[in-house]
Amino acid sequence: QVQLVESGGGLVQPGGSLTLSCVASGNISSVYHMGWGRQAPGKQRDMVATITNSGYTTYADSVKGRFTIARDNAKNTVYLQMNSLQPDDTAVYYCWGSIVGWGRGTQVTVSS
C-alpha cells in the first residue's frame with residue numbers, strides 16, 4: 001500500500017513563502033489525482049489544490065494565484081508552493097492521492 005509523507009511545514013511571517021513536499025512510498029504515475037488539503041483548528045478539511053497525471057490543476061478560490069501544485073512522477077513527489085501566506089492559511093496541510101488516501105500532515109503556521 002502506498003503511503004504519503006509530507007514535509008516542509010513550519011512557522012512563516014505573513015507575506016512569506018513555503019514549499020511543501022509529499023513523497024510517496026510507491027509509484028504514483030498510475031495515481032490519476034493527487035492533491036493537497038488543509039484543516040484549521042475547529043474546521044473541516046478542505047481541498048486546496050489538485051493535479052492530474054496530465055498536469056491539469058485546480059485550486060480553491062482562497063489560494064488561487066498564490067499557491068502552485070506540481071508533481072514529479074519520476075520522484076514520486078508532489079509539491080505545493082505557497083506564496084503571499086496569510087494568517088488564514090494556518091492549518092495542517094495534508095497530501096492526498098486518489099485510491100491512496102491521505103498522509104499524516106504537516107503544520108503550517110503564519111504569524112508575526
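Just the heavy atoms: all of them, side chains too, but no hydrogens, waters or symmetry mates, feed the values below.
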Q.
Are Met82 and Met47 linked, directly or through intermediate hydrophobic residues, by side-chain heavy-atom contacts shorter than 4.5 Å (ILVMFWY only)?
A. no

Q) Are Tyr59 and Val110 grouped together when hydrophobic residues (ILVMFWY) are joined by side-chain heavy atoms under 4.5 angstrom apart? A) yes

Q.
side-chain contact (heavy atoms from CB on, under 4.5 Å), that's the test. Do Val23 and Glu6 meet it? Break it down for me.
A. CA-CA 7 Å; Val23 178; Glu6 303 94 335; over 6 Å; no

Compute whether any side-chain donor of one residue and acceptor of the other, for [X] and [Y], lie under 3.5 angstrom apart.
{"X": "Ser54", "Y": "Thr52", "value": "yes"}
{"X": "Ser112", "Y": "Gln13", "value": "no"}
{"X": "Thr50", "Y": "Thr58", "value": "yes"}

Q. For residues 17-34, which residue pairs qualify under salt bridge (Lys or Arg N to Asp or Glu O under 4.0 Å), counting only residues two or more places apart or in two chains?
A. none

Return the [atom1] to [atom2] distance between [X] and [Y], rounded to the nearest 0.5 Å.
{"X": "Gln81", "Y": "Ser17", "atom1": "CD", "atom2": "OG", "answer": "5.5 Å"}
{"X": "Leu4", "Y": "Arg104", "atom1": "CG", "atom2": "CZ", "answer": "11.5 Å"}
{"X": "Thr77", "Y": "Leu20", "atom1": "OG1", "atom2": "CG", "answer": "12.5 Å"}
{"X": "Thr57", "Y": "Arg71", "atom1": "OG1", "atom2": "CZ", "answer": "12.0 Å"}
{"X": "Asn83", "Y": "Phe67", "atom1": "CG", "atom2": "CZ", "answer": "8.5 Å"}
{"X": "Tyr79", "Y": "Ile69", "atom1": "OH", "atom2": "CD1", "answer": "12.0 Å"}

Expected list for residues 93-102: side-chain donor-acceptor pairs under 3.5 angstrom, two or more places apart:
unit_1	atom_1	unit_2	atom_2	d
Tyr93	OH	Arg38	NH1	2.9
Tyr93	OH	Asp89	O	2.6
Ser98	OG	His33	N	3.2
Ser98	OG	His33	O	3.2

Q. Is it true that a side-chain atom of Ser25 and a backbone atom of Gln3 form a donor plus acceptor pair closer than 3.5 Å?
A. yes

Q) With distance as the sole test, does Arg45 use its side chain to make a donor-acceptor pair with the main-chain N or O of Gln39 at under 3.5 Å? A) no

How far apart are the closest heavy atoms of [X] and [Y], and which atoms are they?
{"X": "Val2", "Y": "Gly26", "result": "CG1-N, 3.9 Å"}
{"X": "Pro14", "Y": "Ser111", "result": "CD-C, 3.6 Å"}
{"X": "Ile28", "Y": "Val78", "result": "CD1-CG2, 4.1 Å"}
{"X": "Val108", "Y": "Gly9", "result": "CG2-CA, 4.1 Å"}

(Q) If you count heavy atoms of other groups shown closer than 6.0 angstrom to NZ of Lys75, is the number above 12? (A) no

Q. Given side chains that start at C-beta, do those of Tyr56 and Ile51 come closer than 4.5 Å, heavy atoms only?
A. no

Q: Return the set of residues passing side-chain contact (heavy atoms from CB on, under 4.5 Å) with Ser29 (not counting sequence neighbours), or none when no residue passes.
A: Asn27, Asn73

Q: With side-chain contact (heavy atoms from CB on, under 4.5 Å) as the test, would you mind laying out the steps for Thr68 and Leu80 before giving the verdict?
A: CA-CA 6 Å; Thr68 302; Leu80 186 68; over 6 Å; no

